[in-house]
Amino acid sequence: MKLSMIIAATGVLFLGLAAGVYALPGLSMDAALSVPVPSGYYADNTKAGVGGAVNAFAGLPLLPLKLGGRVAYNRFGHKFGDGSTSYLEIVPSVRYGFGLPLGLLSFFGQFGVGVYRWKSETKILGYHKKTSDTNYGFSAGIGANVLNLMVMPMYQVLFDDDKTSYFTFNVGLSF
């Protein structure tokens, strides 16, 4: 129930901000589908998954530095047994853009530190376990915009005892 409320609130926020993007030249947004791929020790028990993200940033129109954040949901499958682990990311971020002025092609770097809420459910041979927790972590990525198409690989690291880390490959639309 809480997750559906968060998704609904994110959708309403996205639509409201998307309308304002065209009115305010210093505001930018993008929405993307992602393929999260585990790395490091986390890849030993986890398979690639599916996810989605919304990034929103504000800044002065002629300055390349923008402040904003990322809200994302990523879900991974387990290699052993039946189950999955999902992450809700809420990450305040900084984005630095560079490229040709008013050009069709631009590049950017993005870095943020925030909260990662995860839930895991495992089913193996009749054994069923549910766990959840909240950890801090950081994300860093580089991306490109071509017209309204955005491509951005990102790397996430959680500050937990399991050394959780994963890549997300994001493709979406910029507004």
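Quick caveat: nothing in here was measured; it's all calculated off a predicted structure.
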**Report entry** Hydrophobic cluster partners of F80 (side-chain heavy atoms under 4.5 Å)
**Finding:**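 Once heavy-atom contacts under 4.5 Å are chained together, F80 still belongs with nothing else.
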So, for [X] and [Y], which heavy atoms are closest and what is the spacing to 0.1 Å?
{"X": "G112", "Y": "S93", "result": "CA-OG, 3.7 Å"}
{"X": "S86", "Y": "Y73", "result": "CB-OH, 3.3 Å"}
{"X": "S139", "Y": "Y116", "result": "CB-OH, 3.6 Å"}
{"X": "S165", "Y": "G40", "result": "OG-N, 4.3 Å"}
{"X": "P36", "Y": "G51", "result": "CD-N, 4.0 Å"}

Practice problem: Could I get the full list of side chain to side chain donor-acceptor pair (under 3.5 Å) partners for T85, not counting sequence neighbours? | Solution: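 Per chain and number, T85 pairs via side chain to side chain donor-acceptor pair (under 3.5 Å) with H78, S120.
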- Task: Under the side chain to side chain donor-acceptor pair (under 3.5 Å) rule, collect the residues that match up with T122, sequence neighbours excluded.
- Result: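 Counting only residues at least two positions away or on another chain, T122 forms no side chain to side chain donor-acceptor pair (under 3.5 Å).
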Requested in this report: Test side-chain contact (heavy atoms from CB on, under 4.5 Å) on D82 and I124 and set out the steps.
Outcome: CA-CA 6 Å; D82 203 16; I124 300 176; over 6 Å; no
Run the ring-ring contact (aromatic ring centres under 6.0 Å, His included) test against [X] and tell me which residues pass, sequence neighbours left out.
{"X": "F111", "answer": "F138"}
{"X": "F167", "answer": "Y155"}
{"X": "Y166", "answer": "F76, Y87"}

Only counting residues at least two apart or in another chain, list the ones meeting side-chain contact (heavy atoms from CB on, under 4.5 Å) with [X].
{"X": "A32", "value": "M150, N170"}
{"X": "K47", "value": "K79"}
{"X": "L173", "value": "F175"}
{"X": "S84", "value": "R75"}

Taking everything shown except [X] itself, do over 12 heavy atoms lie less than 6.0 Å from its [atom1]?
{"X": "D161", "atom1": "CG", "value": "no"}
{"X": "F169", "atom1": "CZ", "value": "yes"}
{"X": "L60", "atom1": "CG", "value": "no"}

Taking atom [atom1] of [X] and atom [atom2] of [Y], what is their separation to the nearest 0.5 Å?
{"X": "L149", "Y": "L105", "atom1": "CG", "atom2": "CG", "value": "11.0 Å"}
{"X": "W118", "Y": "S132", "atom1": "CH2", "atom2": "OG", "value": "6.5 Å"}
{"X": "Y136", "Y": "D160", "atom1": "OH", "atom2": "CG", "value": "13.5 Å"}
{"X": "Y41", "Y": "D162", "atom1": "OH", "atom2": "CG", "value": "11.5 Å"}
{"X": "T134", "Y": "L158", "atom1": "OG1", "atom2": "CG", "value": "10.0 Å"}
{"X": "N135", "Y": "R117", "atom1": "CG", "atom2": "CZ", "value": "9.5 Å"}

Side-chain heavy atoms of F108 within contact of P64, under 4.5 Å:
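No, their side chains stay 4.5 Å or more apart.
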* Can you find a heavy atom in the side chain of F57 that is under 4.5 Å from one in the side chain of L27? ->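 With C-beta onward as the side chain, the pair stays apart.
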Exercise. Under a 4.5 Å side-chain heavy-atom rule over Ile, Leu, Val, Met, Phe, Trp and Tyr, are F98 and V151 clustered together?
Worked result: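 Different clusters: F98 never reaches V151 through Ile, Leu, Val, Met, Phe, Trp or Tyr contacts under 4.5 Å.
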*For the hydrophobic clusters of this structure (ILVMFWY residues joined by side-chain heavy atoms under 4.5 Å, transitively), does one cluster hold both V113 and V115?*
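Same hydrophobic cluster.
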| Which pairs, with at least one residue in residues 87-99 and sequence neighbours excluded, count as a salt bridge (Lys or Arg N to Asp or Glu O under 4.0 Å)? |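 Every salt bridge (Lys or Arg N to Asp or Glu O under 4.0 Å) pair that includes a residue of residues 87-99, provided the two are not neighbours, is D30-R95, R70-E89.
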Under the salt bridge (charged side-chain N to carboxylate O under 4.0 Å, His left out) test, which residues partner K123, sequence neighbours left out?
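Partners of K123 by the salt bridge (charged side-chain N to carboxylate O under 4.0 Å, His left out) criterion, ordered by chain and then number, come out as E121.
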